[in-house]
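Take a look at the structure set out below.
A, B, ... follow the sequence lines: proteins, then strands. Residue 1 opens every chain.
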There are 2 protein chains.
Amino acid sequence: MSLTDNLSNMNATPTERMPSADRRELILESATEVFGERGYTGATTDGIARAAGISQAYVVRMFGSKEKLFIEVLNRALQRLTAEFRAVIAAHEASGDPIEEIYHKLGLAYIDLITDRGMLLSLMQSFAQGHDRVIGEAARCGFLEIYQLLRDEAHLDPDQANVFLAHGMMMNTMLGLQLPQLYGTDTGATELMNAAFGGKLPLVLDATGQASASN
Amino acid sequence: MSLTDNLSNMNATPTERMPSADRRELILESATEVFGERGYTGATTDGIARAAGISQAYVVRMFGSKEKLFIEVLNRALQRLTAEFRAVIAAHEASGDPIEEIYHKLGLAYIDLITDRGMLLSLMQSFAQGHDRVIGEAARCGFLEIYQLLRDEAHLDPDQANVFLAHGMMMNTMLGLQLPQLYGTDTGATELMNAAFGGKLPLVLDATGQASASN
DNA sequence: GTCTATAGGCGGATAGAC
DNA sequence: GTCTATCCGCCTATAGAC
């Protein structure tokens, strides 16, 4: 069974031996989901272990501590986000499109990233940990890294970057809230979702009302 | 010298009696700070108790459970925010100013509310708890309540309301991150803060680098 | 590479004194 | 109205077997 198969039905198979690099990746994947959903303190190493289909002790053994695991999750999320943005910027520069278009393109890229809900949410959860010596510091650096990318590589001015990030936070908030649960109950949830995501998010609601993007 | 003598001569009064309504208010105040800083799961009833200068058991005794206390903190924050916005709307309608001005006025009111940092942060922390049966539901309702107020009472259209909320989330994020710690280190923190708060936030940094607003 | 068992600490909640 | 003492469950981390 390939790694990819394993990823798609995570806790189905009873633990098989696996190269530790692959196992690492799998745990990081699960941890990203769980941290994203419940936050750093709300998540348990046992919950992460169960999501990855292995024992609690092994999670800790592999990463040293819950804190170190979270830091890895955070950096990995950052890594994916910035890689995606840099690809968009590179493609844009090769395209000859008018400069202002980059803002729009990055927005679309961000909406695409929502498919990786856990990634964006674990980022956001880190932003709520400013008080923590270790995690707070990493979160601040990460946040500024994104800002600097928008400013220095996408050449947005501070106001544009601010508005861009603001919309990102808004979308993250709505993801975290699981707002789609209220869809159609005439509370305004639908119109607000549309305003926030520009009607560009093809929503699929699962049984628990959670939203995932399909494309 | 007897123990009693000793006690009666000390002016570091161990907790004084107080009408329970007042005590309630005091606990809610402290809880708002602590929950705002550390989130629902990260906060402890003991931490809240110490912030309020009373015993852990008494906090639980008075509110029944940590969860109930958080719900009260959340509703109280919502209450303050909506009251403030409604006051602005009422004043605006009496002023005869052009309708579009309301957006700007509400923004200023929000920035004023940052003085009550804990309040805004505890709200934001609730938005990250969508997965929780009880708290998630309360948070969703609260979020939509604010949206409905902007739409139905301030008469913003969905796009305006979305952008307004987006900027709010951005400011909350920066508050939670304690970004001002990086002020002046040429990372862009300053220019981003200025873009986000429109240069309208008179910042005072305390010893720990935490920001509070003065006016 | 992965597990089971368990130590050790913390946190929420309850009982009961004052 | 408020405290101290304490129970119990949960969670992280470690030890050690396979």
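Within 4.0 Å of Ala43(A), counting heavy atoms only, lie sugar-phosphate atoms of the nucleic acid but no base atom.
Distance, Lys68(A) NZ to dA13(D) C1': 12 Å, rounded to whole Å. In this structure, the CZ atom of Phe63(A) is 13 Å from the P atom of dG1(C), given to the nearest Å. At whole-Å resolution of the value, OH in Tyr58(A) and C1' in dT2(C) are 6 Å apart. Straight-line distance from the CE atom of Met18(A) to the P atom of dC3(C): 11 Å, rounded to whole Å. The interatomic distance linking Ile48(B) (CD1) with dG12(C) (C1') rounds to 11 Å, in whole Å. Counting to the nearest Å, the P atom of dC3(C) and the CZ atom of Arg50(A) are 14 Å from each other. Nucleotide dC11(D) holds its C1' atom 13 Å from the CZ atom of Phe35(A), rounded to whole Å. Rounded to whole Å, atom P of dC18(C) lies 22 Å from atom CD of Glu16(B).
The main-chain N or O of Leu177(A) is found under 3.5 Å from a side-chain atom of Arg140(B) such that the two form a donor-acceptor pair.
Side-chain atoms of Tyr147(A) and Asp152(A) form no donor-acceptor pair, as typed in the model, at a separation below 3.5 Å.
The cationic group of Lys66(A) lies under 6.0 Å from the six-membered ring centre of Tyr40(A) and within 45° of the ring axis, placing it in a cation-pi geometry.
Among dT12(D), dT2(C), dT2(D), the nucleotide with an atom closest to any side-chain atom of Arg23(B) is dT2(D). For Ser55(A), taking side-chain heavy atoms from C-beta onward, the closest of the listed nucleotides dG1(C), dT4(C), dA13(D) is dT4(C). Relative to the side chain of Gln56(A), the nucleotides dT2(C), dC11(D), dA13(D) differ in distance, and dA13(D) lies closest.
Under 4.0 Å is where a charged nitrogen must lie from a carboxylate oxygen, and between Glu33(A) and Arg117(A) no such pair does. A salt bridge is absent between Arg23(B) and Glu16(B): the closest approach of a Lys/Arg side-chain nitrogen to an acidic carboxylate oxygen does not fall below 4.0 angstrom. Between Glu29(A) and Arg76(A) there is a salt bridge, since a side-chain N of the basic residue sits under 4.0 Å from a carboxylate O of the acidic one.
Under the 30°/60° scheme for interplanar angles, the aromatic rings of Phe85(A) and Phe164(A) are found to stand perpendicular.
Direction change of the helix axis from one end of the helix from dG1(C)-dC18(D) to dC18(C)-dG1(D) to the other is 0°, with five pairs defining each end axis (rounded to 10°).
The 5' end of DNA chain D is approached more closely, in terms of each residue's nearest nucleotide, by Ser20(B) than by the other of Ser20(B) and Ala57(B). Nearest-nucleotide assignment on DNA chain D puts the 5′-proximal partner with Ile54(B), out of Lys66(A) and Ile54(B).
Regarding contacts with the backbone of dG11(C), every side-chain N or O of Thr44(B) stays at 4.0 angstrom or more from both OP1 and OP2.
Side-chain atoms of Arg61(B) come within donor-acceptor range of the base of dG16(C), with a qualifying N/O pair under 3.5 Å.
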